[in-house]
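Below is one structure, written out as structure tokens; the observations come after it.
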Amino acid sequence: MEGLAQRISQAMLGQEQATITILSTLLAVQDELGYLAKEAIELVAGFTDSTINDVWAVASFYPNFRFEPPCLHQVEVCWGASCHLVGAMPLMEAVMEACELESEGDREDGRLSLRFNTCLGACAHAPVIAIDHHLMGRQTPETARERIGGLLR
Amino acid sequence: MIQVVEEALAQHGAAATVSRVGCIGLCYAEPLLDVTLPGGPRVFYGNVTPAAAAEIIETHVVGGAPVERLAMGYIPGPDGVDSAGGIPETVASLDSHPLRAVETKIALRNAGNIDPGDIYQYVANGGYHALNRALTEMTPEETVEQVNASGLRGRGGAAFPTGTKWRFLAGSNAPVKYILCNCEEGDPGAFNDKAIVESDPHTLIEGILLAGYATGANAGYIFIRHGHDGPIDRAREALIQAKEIGLVGQDIMGSGFNFELEVALTGDSYVAGEESALMEAIEGSRAMPRFRPPFPAQFGLFGKPTNINNVKTLAYVPQIIANGGDWFASIGHEQSKGTVILCLTGDLKYTGMIEVPLGINLRDVLYEAAGGVPDGKSLKLIQSGGPLGGVLGADHVDVVLDFEVLRSAGAILGSGGIIAADEDTCVVDLTRALIAFCQYESCGKCFPCRMGMSHLLEVLERICRLEGTLEDLALMRKVGENMQAGSLCGHGQLGFNPVSSALRYFGDEFEAHIVGRTCPTGVCLKPKFSPALTRR
Ligand SMILES: Cc1cc2nc3c(=O)[nH]c(=O)nc-3n(C[C@H](O)[C@H](O)[C@H](O)COP(=O)(O)O)c2cc1C
Ligand code: SF4
Ligand code: FES
């Protein structure tokens, strides 16, 4: 646990911009750890001179924060309107099936986590998925199944 | 791809410069690669695979002959059209490409043409000359006056006159004032703000500096959603370069004008793009809108007078100052001056981003520039203005692009996202998907929106299951009226637009679901997924 606290402190202190806030600090910690450990909430409260309540209020508002250690891979599927119109629904179905998940969330074996994203910003290439933050456009259920299968093999 | 190109060049021992450029708008054909031989035209290749890239390097860069089979077009070299010599006849000028033929580029003039990571390329193309001009030849009042004369209106959604907004801030003599640049851009179907920051960040920085000078503000933030690393990295890199050569910071260009600028990040939240929620997020809190008054120009970020503008709005400013407000006002249509940057997505042959003069006919944009609907299908509707915008039936797309015209048609221009939907689209299902987004993104601060969105979604899901009743339509209208009247911010106030515009143009399709108990396109019979919860 010593190591964890140290990484959190480094992430908090390593912020380069001049304006340091609860949100900016939480984002920096999540970038470092891939999640917000319980210790992180306490350390961020101390670092930003606020209460644990204040920090939880911010952490619980933004759905990009997670509170469990990250899985090996992150899969995201866009369900924004541009993607919706050109096949996001069958794509989501195929992705969930390939991930062996019923909805958003983590696989129990920690191999991957799945998130639905409101817009991955590559709408001209719809429908879009992202694997470990690499965007992939014009996906079909088949291409997505194959890519995700590759992560689990 | 860049790696493949560099390896192939090294393998052939070819002396070539590889530039990463930003978005030229032809997204449908990405990834793009272009080759310019000394003094020659710039030849573009679309949908480039690693194998094709290797062939292009070998045949074109090393061998000197464009790969006819793969080339999609060229832009003439420095000597004009004649220098297209050496281009096979089957390769056309890129300017005759439907997506580019309609364009008038102001904010996007550099996008795709310069390396956004190199401030000197921006300067060499006239960059920071407008700032120099303002600082040396114009007073702050004259700068505001030029923007006012240009008729520029906000491109973030509300289309409020920018000059008027700047005057509010200029009128305050508080010692600390802020300029905020809104690049939250949560609208599904819109990516033009991110594209500008990625493709030409200095246009934006120059625009922010001009806004600061004009209004007497000395600090600012560029506000971007966490996770969009492209724009975040480019903006930060550009700021470092601008600081290094004294364009951001103290005593800019020796004029005595000071301006500090940094990038601020938000977590995932659509409502964080609303101006008062944005200030909450920069302060590090939950992105929940504030009560107004007081307005940002009196009590804004950290309690100081503040002006918020969209990326596109600010990206126009350098050219307005360089060429004069009257020049900008000469482009456009009635009260909608200048150009509009559209993101064309959905069921279109050429999807991408274009900058066109306001006043252009929407039909021409859809059918000519974007090549119409592919696969011989017909257009059913367009959805514009983001999730709080509306839909427009295909019979009604013969309108000019103009803020007022689109608003009265029930579909706002918003930030420029235009999503086309073909005949296979179910309007009820699309409306459900849009409201699912609005419900998911409601910040939860006020109940007309929080409850109203959930209520609308529940009813729409019922109609999609073919279990709706005619009373449901009246119920939705009632909920919509309450949301409009009782919500704190635009999210709830405008949140009924997707439903009202769909009912306006496609009421019979709702009735088919309710009375006929059938979904004419069959879409509603297929499985649907969306995140289960709204914000905690
Ligand atoms: C729910 C909601 C979301 C918004 N999101 C954005 C956004 O992502 N980007 C943006 O520029 N404006 C957004 N706006 C509009 C802003 O509140 C504000 O009007 C705009 O940034 C002002 O800039 P402009 O005058 O240059 O348009 C949003 C408004 C609402 C109500
Ligand atoms: S209208 Fe909706 S998004 Fe806006 S403050 Fe109220 S709950 Fe939040
Ligand atoms: S709507 Fe899917 S990437 Fe934007």
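Bear in mind that the values here come from a model prediction, so they are computed numbers and not experimental data. Only heavy atoms go into these numbers, but all of them, side chains included; no hydrogens, no water, no symmetry mates.
Counting heavy atoms from C-beta on, the side chains of Ile419(B) and Leu85(A) come closer than 4.5 Å. Using a 4.5 Å heavy-atom cutoff, the side chains of Glu30(B) and His125(A) are in contact. Inter-residue side-chain proximity for Ser103(A) and Phe529(B) is flagged as unmet; no heavy-atom pair is nearer than 4.5 Å. Side-chain atoms of Phe116(A) and Tyr440(B), non-hydrogen and from C-beta on, never get closer than 4.5 Å to each other. In this structure, the side chains of Thr19(A) and Tyr221(B) come closer than 4.5 Å at one or more pairs of heavy atoms. In this structure the side chain of Lys528(B) never reaches within 4.5 angstrom of the side chain of Glu93(A), judged on heavy atoms. Proximity of Tyr62(A) to His226(B): side-chain heavy atoms (C-beta onward) are nowhere separated by under 4.5 Å. Considering only heavy atoms from C-beta on, Glu104(A) comes within 4.5 Å of Pro531(B) through its side chain.
Neither the backbone nor the side chain of Ala126(A) comes within contact range of chain B, judged by heavy atoms closer than 4.5 Å. The contact between Glu262(B) and chain A is made entirely by side chain atoms (from C-beta outward), counting heavy-atom distances below 4.5 Å. Neither the backbone nor the side chain of Glu260(B) comes within contact range of chain A; no heavy atoms are under 4.5 Å apart. For chain A, the nearby parts of Ala281(B) are the backbone and the side chain; heavy atoms of each come within less than 4.5 Å.
Phe259(B) is linked by a ring pair (Phe, Tyr, Trp, His ring centres under 6.0 Å) to nothing, counting only residues two or more places apart in sequence or in another chain.
Tyr270(B) places no side-chain N or O within donor-acceptor distance of the main-chain N or O of Thr118(A), the cut-off being under 3.5 Å. Between the side chain of Asn64(A) and the main chain of Asp268(B), a donor-acceptor pair closer than 3.5 Å is present.
Listed here is the closest heavy atom pair of Leu434(B) and Ala81(A): CD2-CB, 4.0 Å. Looking at every heavy atom in both residues, Ala433(B) comes nearest to Trp79(A) through O-CZ3, 4.2 Å. Pro188(B) approaches Ser82(A) most closely through the heavy-atom pair C-OG, 4.5 Å. Between Ala190(B) and Cys123(A), the closest heavy-atom pair is N-SG, 4.0 Å. Closest non-hydrogen pair, Ala124(A) versus Gly352(B), comes out as CB-N, 4.1 Å.
Atom CD of Gln3(B) sits in a sparse spot, with 12 or fewer heavy atoms from other residues, nucleotides or ligands closer than 6.0 Å. Few gaps surround CG on Asp109(A); more than 12 heavy atoms of other groups in view lie less than 6.0 Å from it.
For the set Leu348(B), Leu344(B), Thr345(B), the entry with the most heavy-atom pairs within less than 4.5 Å of chain A is Thr345(B). Contact count versus chain B (heavy atoms, under 4.5 Å) is highest, among Asp31(A), Val86(A), Leu27(A), for Leu27(A). No other option in Ala436(B), Ala272(B), Ala287(B) has as many heavy-atom pairs under 4.5 Å with chain A as Ala287(B). For the options Leu120(A), Leu135(A), Val58(A), heavy-atom pairs under 4.5 Å to chain B are most numerous at Val58(A). Of the listed residues (Met92(A), Met96(A), Gln17(A), His84(A)), the greatest number of heavy-atom pairs within a distance under 4.5 Å of chain B belongs to His84(A). Looking only at heavy-atom pairs under 4.5 Å with chain A, the residue among Phe191(B), Tyr350(B), Tyr28(B) that has the most is Phe191(B).
Comment: Asp54(A) does not engage Arg286(B) in a salt bridge, judged by the lack of any side-chain N to carboxylate O separation of less than 4.0 angstrom.
Below 4.5 Å, heavy atoms of chain A meet heavy atoms from Ala420(B), Ala421(B), Thr425(B), Asp429(B), Leu430(B), all part of residues 420-430 of chain B.
With rounding to the nearest 0.5 angstrom, the CZ atom of Phe61(A) is 10.5 Å from the OG atom of Ser285(B).
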